[in-house]
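See structure below.
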Amino acid sequence: MRSINEIWETYRSSWSNNDSENRETNLREVVTDDFEYRDPNVELKGYEQLSEYMGQFQNEFKLASFTITDFNIHHDRVMANWDMLNEQKDVVGNGVDFAQFENGKLKHITGFFKEN
């Protein structure tokens, strides 16, 4: 079984994965069947919708990536503070995600960031 850190790293790196089939395969391994995601722009369900949203993000923010600046775990919950980096690795945004795990997979993620 993967650790919470490994699961989170798979999720985080999926935001930069341009291969949609590989991204969906990775997400399928780390999210529950009834997974839900929310941020200021969207509410969606399932790894397929999440993968599609990540693809849209990549089209809008070419070569952007995320780095975790603080990561806290207790029980089945995670709080991850993050920075969004542009192609030159300059910080262009930041936010925080709150997540719940169930049976070793991500069940819910709620992201908070300032909208432009």
Side-chain angles (χ1 to χ4, degrees):
M1 178 183 249
R2 292 182 179 195
S3 72
I4 288 176
N5 289 339
E6 291 170 325
I7 292 166
W8 194 263
E9 177 56 23
T10 297
Y11 166 75
R12 185 206 57 80
S13 66
S14 293
W15 284 95
S16 301
N17 186 342
N18 290 316
D19 181 336
S20 61
E21 287 184 36
N22 180 262
R23 186 176 58 238
E24 283 191 15
T25 297
N26 289 339
L27 288 172
R28 190 179 315 121
E29 293 176 3
V30 298
V31 303
T32 62
D33 292 339
D34 59 347
F35 172 80
E36 294 181 3
Y37 174 90
R38 291 175 182 80
D39 73 24
N41 298 319
V42 71
E43 290 187 27
L44 52 84
K45 294 183 180 185
Y47 73 89
E48 291 169 325
Q49 288 183 359
L50 178 60
S51 180
E52 183 178 319
Y53 184 56
M54 289 173 167
Q56 292 168 2
F57 167 83
Q58 292 165 15
N59 286 333
E60 186 173 345
F61 300 99
K62 300 274 187 228
L63 301 174
S65 61
F66 292 93
T67 185
I68 304 300
T69 60
D70 192 26
F71 192 73
N72 295 287
I73 303 169
H74 70 79
H75 298 87
D76 61 350
R77 305 277 199 263
V78 166
M79 181 185 76
N81 292 283
W82 49 262
D83 286 339
M84 185 173 112
L85 309 175
N86 64 14
E87 182 178 1
Q88 293 77 31
K89 302 302 180 198
D90 298 321
V91 174
V92 294
N94 55 42
V96 62
D97 287 345
F98 296 95
Q100 177 185 1
F101 285 80
E102 181 179 86
N103 299 321
K105 291 189 173 187
L106 286 161
K107 183 170 179 70
H108 297 118
I109 296 176
T110 302
F112 292 87
F113 53 86
K114 291 183 182 175
E115 295 179 84
N116 293 333

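Atom set for the values below is all heavy atoms of this structure, side chains included, hydrogens, waters and symmetry mates excluded.
- Annotation for N17 and R23: closest pair O-NH1, 2.5 Å, computed over non-hydrogen atoms.
- Both I4 and I68 belong to a common hydrophobic cluster when Ile, Leu, Val, Met, Phe, Trp and Tyr are linked at side-chain heavy-atom distances under 4.5 angstrom.
- Here D34 pairs with K107 under the salt bridge (charged side-chain N to carboxylate O under 4.0 Å, His left out) rule; sequence neighbours left out.
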Could you pull out every donor-acceptor pair under 3.5 Å between side chains of residues 35-48 and any protein atom, sequence neighbours left out?
unit_1 : atom_1 : unit_2 : atom_2 : d
E36    : OE1    : R38    : NH1    : 3.3
E36    : OE1    : R38    : NH2    : 3.0
Y37    : OH     : D39    : OD2    : 2.8
D39    : OD1    : N41    : N      : 2.7
D39    : OD1    : V42    : N      : 3.1
D39    : OD1    : Y53    : OH     : 3.2
D39    : OD2    : Y53    : OH     : 2.7
Y47    : OH     : R28    : NE     : 3.1

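- How far CG of D33 is from CD of E102: 10.0 Å, rounded to the nearest 0.5 Å.
- Each of L50 and F98 belongs to its own hydrophobic cluster when Ile, Leu, Val, Met, Phe, Trp and Tyr are linked at side-chain heavy-atom distances under 4.5 angstrom.
- Placement of V92 and F57 within a single hydrophobic cluster is found when ILVMFWY residues are connected by side-chain heavy-atom separations under 4.5 Å, directly or transitively.
- Between the CZ atom of F101 and the CD1 atom of I109 there is a distance of 7.5 Å, given to the nearest 0.5 Å.
- Between T10 and E29, every side-chain heavy-atom pair lies at or beyond the 4.5 Å cut-off.
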| request: Please step through side-chain contact (heavy atoms from CB on, under 4.5 Å) for the pair M84 and F113, ending with a clear verdict. | output: CA-CA 10 Å; M84 185 173 112; F113 53 86; over 6 Å; no

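- Among all heavy-atom pairs drawn from K105 and V31, the shortest one is CD-O, 3.4 Å.
- Inter-residue side-chain proximity for R12 and E9 is flagged as met; some heavy-atom pair is nearer than 4.5 Å.
- Between the CG atom in D90 and the CD atom in E87 there is a gap of 10.5 Å [rounded to 0.5 Å].
- Partners of E52 according to the side-chain contact (heavy atoms from CB on, under 4.5 Å) rule, which considers only residues two or more places apart in sequence or in another chain, are Q56.
- Contact detail for S16 and A64: the closest heavy-atom pair is OG-O, 3.4 Å.
- Relative orientation of the Y11 and W15 rings is perpendicular, given thresholds of 30° and 60° on the angle between their planes.
- No more than 12 heavy atoms of other residues, nucleotides or ligands lie within 6.0 Å of CD in E21, so this atom counts as exposed by the packing criterion.
- For N59, the side-chain contact (heavy atoms from CB on, under 4.5 Å) test picks out K62, with sequence neighbours left out.
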Please set out all donor-acceptor pairs under 3.5 angstrom arising from side-chain atoms of residues 69-80, sequence neighbours excluded.
unit_1 : atom_1 : unit_2 : atom_2 : d
T69    : OG1    : N81    : O      : 3.2
D70    : OD2    : N72    : ND2    : 3.2

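- For E60, the side-chain contact (heavy atoms from CB on, under 4.5 Å) criterion is met by no residue, not counting sequence neighbours.
- Rounding to the nearest 0.5 angstrom, the gap separating the CH2 atom in W82 from the OG atom in S65 is 11.5 Å.
- The minimum heavy-atom distance linking A99 with L106 is given by the pair CB-CD2, 3.8 Å.
- Across S14 and N26, no two heavy atoms sit closer than the pair OG-CB, 4.3 Å.
- When all heavy atoms of D97 and G111 are compared, the pair lying nearest together is OD1-CA, 3.1 Å.
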